[in-house]
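Only a predicted model underlies this, so the values are computations on that prediction, with no experimental measurement involved. Below, all heavy atoms of this structure are taken into account, side chains as well, without hydrogens, waters or symmetry copies. The sequence lines fix the lettering, A, B, ..., with proteins before strands; numbering per chain opens at 1.
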Amino acid sequence: MQNLEKNYDPSLIEDKIYKMWNENECFKAHVDPEKEPYTIVIPPPNITGQLHMGHALDNTLQDILIRYKRMCGYATLWLPGTDHASIATEAKIVEAMRKEGVSKDDIGRDGFLERAWAWKETYGGRIIEQLKKLGSSCDWSRERFTLDEGCSKAVQDVFMHLYEKGLIYRGERIINWCPHCLTSISDAEVEFEEQNGHFWHLRYPFEDGSGYLELATTRPETLLGDTAVAVNPKDERYEDMVGKYLILPLVGRRIPVIADDYVEQEFGTGVVKITPAHDPNDFEVGARHNLEVINVMTDDAKITADYPKYAGMDRYEARKAIVADLEEGGFLVRVEDYAHNVGTCYRCGTTVEPRVSKQWFVAMETLAKPAIEAVRTGDIKFIPERFEKNYFHWMENIRDWCISRQLWWGHRIPAYYCDDPDCGEMVVSREPVTICPKCGKPMHQDPDTLDTWFSSALWPFSTLGWPEDTEDLKYFYPTSILVTGYDIITFWVSRMIFSGLEYTGKSPFKNVLIHGLVRDAQGRKMSKSLGNGIDPLEIIRDYGADALRFTLVTGNSPGNDMRFSNEGVEASRNFANKLWNATRFALTYLTRDEVELPAVLQPEDKWILHKLNGVIADVRDNLEKFELGIAAQKLYDFVWDDLCDWYIELIKPRLFETNPDESTRASAQNVIGYVLVRTIELLHPFMPFITEELYHSVPHIKGMGDILMMQEYPAYSADLEFPAEAEQMGYLMDLIKQVRQLRQKMGVPFSRKTNLYLVTEHPDTYRAGVEYIKRLASATDLFFEPLAGDVNAATVVTSDAKVFIPLGELVDIEKEKARLEKEKAKLLSEIARIDGKLNNPGFVSKAPEKVVNDERAKREALARQLANVEDVYSKL
RNA sequence: GGAGGCAUAGCUCAGCCGGUUAGAGCGCUCGCUUCACAUGCGAGAGGUCAUGGGUUCGAGUCCCUUUGCCUCCACCA
């Protein structure tokens, strides 16, 4: 036992507590056949990352769940790690190199990878340290990295598996190309944003000089690659023109007019120029009509040397030049303003350039089917459920996944090509292949790497040792729950689901708990460019990790965004301080090393134990249903209202030295000690630091160990149910409140104490509480008899008691009468309302019995109170 | 174009399977150095639960309509 400071200072204890847990290996998971496993794999943060509020929320939720389950006796594993984040990390390194005046080509692949690994060493650990500050109880001995040996092995295996099954193929297709990152990206990595642009109406002349065909485009520069013009086959306006040829302005290419259903008659002129190399739809049309695919741009989106006049210009310069030339040549009809959606790279925001190139793809259809089924059948559940709709929509309309990236930082594609282009042999192999099996010439490996999400998709099992059949994999897989934001469902969650099903035959997790975004106080997304990000580490420094965690979890419901403000953190910080001080108070009267529930309990003891028991049941129930915010709110209310505002105040007279009764003093000590320990246990998953610290100060219940996080979570106990006593206490507390109210209304100063004359049919409860009633209702003395004689008294009436308060000159009898009349009228209308319900045959016959009985009980209480009011009134 | 979400006190939000007189934090008003806490204590003001309809004995809660805000997906050149 130790003395506590007046105010809780988290900075003094958090690091110490975390170190203690770590040294005692509290985070370490153990395969234990006697226990049930409970597993969470962390959504691996990027090694480029700094802990932001999104991480703080995500990891707070995971830590609450894992700490709860650990205390419930599960063999828990929270597996941490980081993601190599190929495109994001590579971009950062390239940028850093650019500042030094070094390019990737200057240092070559090996040199670059050396730098990348050095980067990982420097920054990869940073976010891990930040997660520890939050209190995350991860098993750090099992920490993994998406590019470590084991994960790489898993990636190789999966690639081989899918290739052999024919589900990975290489093909020349149109893909999304980022001219800044200089790599292909998948459809999921393209973000569309509305931009104000123009609609250029052009006219292409017929070859035979018989006029023009008018069409419109948002991208005139792609004209260089046009290989046809298309109309709808049903469009009568252009019926006769199909099959004729046009001369492409500025280029002079002879291109056909074709008919294709893709063209909408009603849109624009109903004529579309077809550029198979630079538009995904045009590419499809081109494929159907065997059109030539002409790439007019370099990989950094400049016009190729094939068009000398525009060669070297970037897309937008070329656009200007071409529009000017079209105008000069009389091909430009008009220009209109036009807002349209433009695809941008989700990493750098550069406008994506659709481009035909040879890439690797995963054929999705066969993989998607069981993944849809797993959610459909409830094998995997999303919380909240509505996100399943998003998932289904994406999965059901899925297109093949472009997985190759023209990057160096990542898992290199295990494909080898013969150096002799005439041979053209390709081998996919786990082991390096240097000699062409077909022609004997040297072979070289595919320079590309895999989409970073390809490895994250395997995270729930690659981290447990897959493809080896390890003890961990056997025991901890499938994982129990995945906690992540809705923004990442398509990128990650869905890919883990089909991956888990395909490679392990099992769904990788049972539940997916989705949370929203943490926004700033004005509701804006926190972003670097806005500079409105709030640094969780600063909040931890100023208010403590527990306060941050509690803020993030309260008032937050699954799937919904939340706003973060300092006022909220202050409230949480105050709550921590409240708990601290409640304990500090108790400790000044608690001199024992152990507490136990006494055999004889006072009414207020039974009341608080009954309340505690209810909270235990509720909190467990809420946590099982992933209602973390509600659970936190209930604990807050219990601690502040029930425990501090009432129970502690109620037992003060028993604890003080002025109490001559040794036995009630001892029982009060035991009960407050017991309730405190249970409360600290209940709160531990939410506020691990302060509860652990307090646990080391308070006396324990017999049999408890030294470390709170390893204790059993409190369980509901039928022995602690005291409904009758709790109800009586409710009346008593109501009485105290009403006396306070009355005094306040009548302007009686706090310091002026009065006698109370109490008439009740249940005097025992009140007799047991004489001391605290005096304290809490500002009474000098309490008499269990009616006020005798002709004395001016104000009255308080509950359904269980009548109280007369002699206040002499402060009482105005007429006002008292008016007040009681008002009260009577209120009671009558309440009773009438309930009678209305009870006299309704529909209600009595159809409503559940409990509801009807509750109404009856309520009516009885009101009737008693009414009788009391009438009785008091008659005596005025 | 398709799908989803939100709308509850001045502000930010809870409200689970429909069941008292709809809650919390912050803010506001009044009063308190009451021997844990002013990061506090006590009392209070403040809500037609966006709109219109429906289902039901009973609707903030379920269904439909309208309005406003937001998000995701699609990408008609």
Measure distances between side-chain N and O atoms of A:N341 and base N and O atoms of B:C75, and say whether any donor-acceptor pair falls under 3.5 Å. yes
From [options], pick the nucleotide closest to the side chain of [X]?
X: A:R584; options: B:G42, B:C37, B:G40; value: B:C37
X: A:E649; options: B:C37, B:A77, B:A43; value: B:C37
X: A:C644; options: B:A77, B:A43, B:A36; value: B:A36
X: A:K6; options: B:G25, B:A3, B:A38; value: B:A38
X: A:E264; options: B:A77, B:A36, B:C37; value: B:A77
X: A:K652; options: B:C73, B:A36, B:A77; value: B:A36

Give [X] one of three labels, base, sugar-phosphate or nothing, depending on what nucleic acid heavy atoms sit under 4.0 Å from its own.
X: A:R399; result: sugar-phosphate
X: A:D645; result: sugar-phosphate
X: A:N840; result: sugar-phosphate
X: A:Y338; result: sugar-phosphate

Please tabulate, for side-chain N and O atoms in residues 228-235 of chain A, each donor-acceptor pair with protein atoms closer than 3.5 Å (sequence neighbours left out).
unit_1 : atom_1 : unit_2 : atom_2 : d
A:N232 : OD1    : A:K234 : N      : 2.8
A:N232 : ND2    : A:V263 : O      : 2.7
A:D235 : OD1    : A:R237 : N      : 3.1
A:D235 : OD1    : A:R237 : NE     : 3.0
A:D235 : OD2    : A:R237 : NE     : 3.4
A:D235 : OD2    : A:R237 : NH2    : 2.8

Check RNA chain B against [range] and give the residues with a non-hydrogen atom under 4.0 Å, in numerical order.
range: residues 568-576 of chain A; answer: A:A571, A:R573, A:N574
range: residues 191-200 of chain A; answer: A:F192
range: residues 218-231 of chain A; answer: A:T218

For residues 643-651 of chain A, which side-chain N or O atoms pair as donor and acceptor with protein atoms under 3.5 Å away, sequence neighbours left out?
unit_1 : atom_1 : unit_2 : atom_2 : d
A:Y647 : OH     : A:D605 : OD1    : 2.6
A:E649 : OE1    : A:K652 : NZ     : 3.3
A:E649 : OE2    : A:K652 : NZ     : 3.1

Pair listing, side-chain hydrogen bond (donor to acceptor under 3.5 Å, both in side chains) test, anchored in residues 627-639 of chain A, at least two apart: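 For residues 627-639 of chain A, and leaving out neighbouring residues, the side-chain hydrogen bond (donor to acceptor under 3.5 Å, both in side chains) pairs sorted by first residue read A:N622-A:E627, A:N622-A:K634, A:Q633-A:D637.
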For a quick test of reading the model: is some side-chain N or O of [X] closer than 4.0 Å to OP1 or OP2 of [N]?
X: A:K389; N: B:A3; value: no
X: A:W640; N: B:U39; value: no
X: A:Y589; N: B:C35; value: no
X: A:Y486; N: B:G4; value: no

Can you spot which of A:F689, A:Y543, A:W580 makes a ring pair (Phe, Tyr, Trp, His ring centres under 6.0 Å) with A:Y8? A:W580
Might you point out which heavy atoms bring A:M687 and A:A576 nearest each other, and give the distance in Å?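 Taking every non-hydrogen atom into account, CE-CB, 3.9 Å.
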Please work out whether B:C62 sits syn or anti, treating a glycosidic angle within 90° of 0 as syn.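 Anti, which is what one calls it when the glycosidic angle falls more than 90° from 0.
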Expressed as a whole number of angstroms, how long is the span from A:K578:NZ to B:A36:C1'? 8 Å
Answer yes if the ring centres of A:Y204 and A:F331 are under 6.0 angstrom apart, and no otherwise. no
Donor + acceptor pair across side chains of A:E336, A:H198 (<3.5 Å):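 Absent: no donor and acceptor within the cut-off.
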Name all residues meeting the ring-ring contact (aromatic ring centres under 6.0 Å, His included) criterion together with A:Y338; count only those two or more places apart in sequence or in a different chain, and write none if there are none. A:F199, A:H340
Where protein sits on nucleotides 10-20 of chain B, one letter per nucleotide: B base, S sugar-phosphate only, - none, heavy atoms under 4.0 Å: --SSSSB--BB
Starting at the 5' end of RNA chain B, which residue's closest nucleotide do you reach first, A:V263 or A:H393?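 Whichever sits nearer the 5' end wins; that is A:H393.
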With sequence neighbours left out, write down each residue that passes side chain to side chain contact (heavy atoms under 4.5 Å, CB included) with A:H289, or none if nothing qualifies. A:I258, A:D260, A:V285, A:L291
Fit a plane to each ring of A:Y589 and A:F656, take the angle between them on a 0 to 90° scale, and name the class: parallel (under 30°), tilted (30 to 60°) or perpendicular (over 60°).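 A:Y589 and A:F656: tilted rings.
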Rounded P spacing from B:G68 to B:U51 in Å: 15 Å
With 3.5 Å as the limit, what N/O pairs link the protein to nucleotides 44-46 of chain B?
unit_1 : atom_1 : unit_2 : atom_2 : d
B:G44  : OP1    : A:Q741 : NE2    : 3.2

Name all pairs fulfilling the salt bridge (charged side-chain N to carboxylate O under 4.0 Å, His left out) condition that reach into residues 733-742 of chain A, sequence neighbours left out, sorted by first residue then second.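 Residue pairs passing salt bridge (charged side-chain N to carboxylate O under 4.0 Å, His left out), neighbours aside: none found.
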Intra- and interstrand pairs of RNA chain B - dot-bracket, Watson-Crick/G-U under 3.5 Å, | marks other strand: (((((((..((((.....[...)))).(((((.......))))).....(.(((..]....))).))))))))....
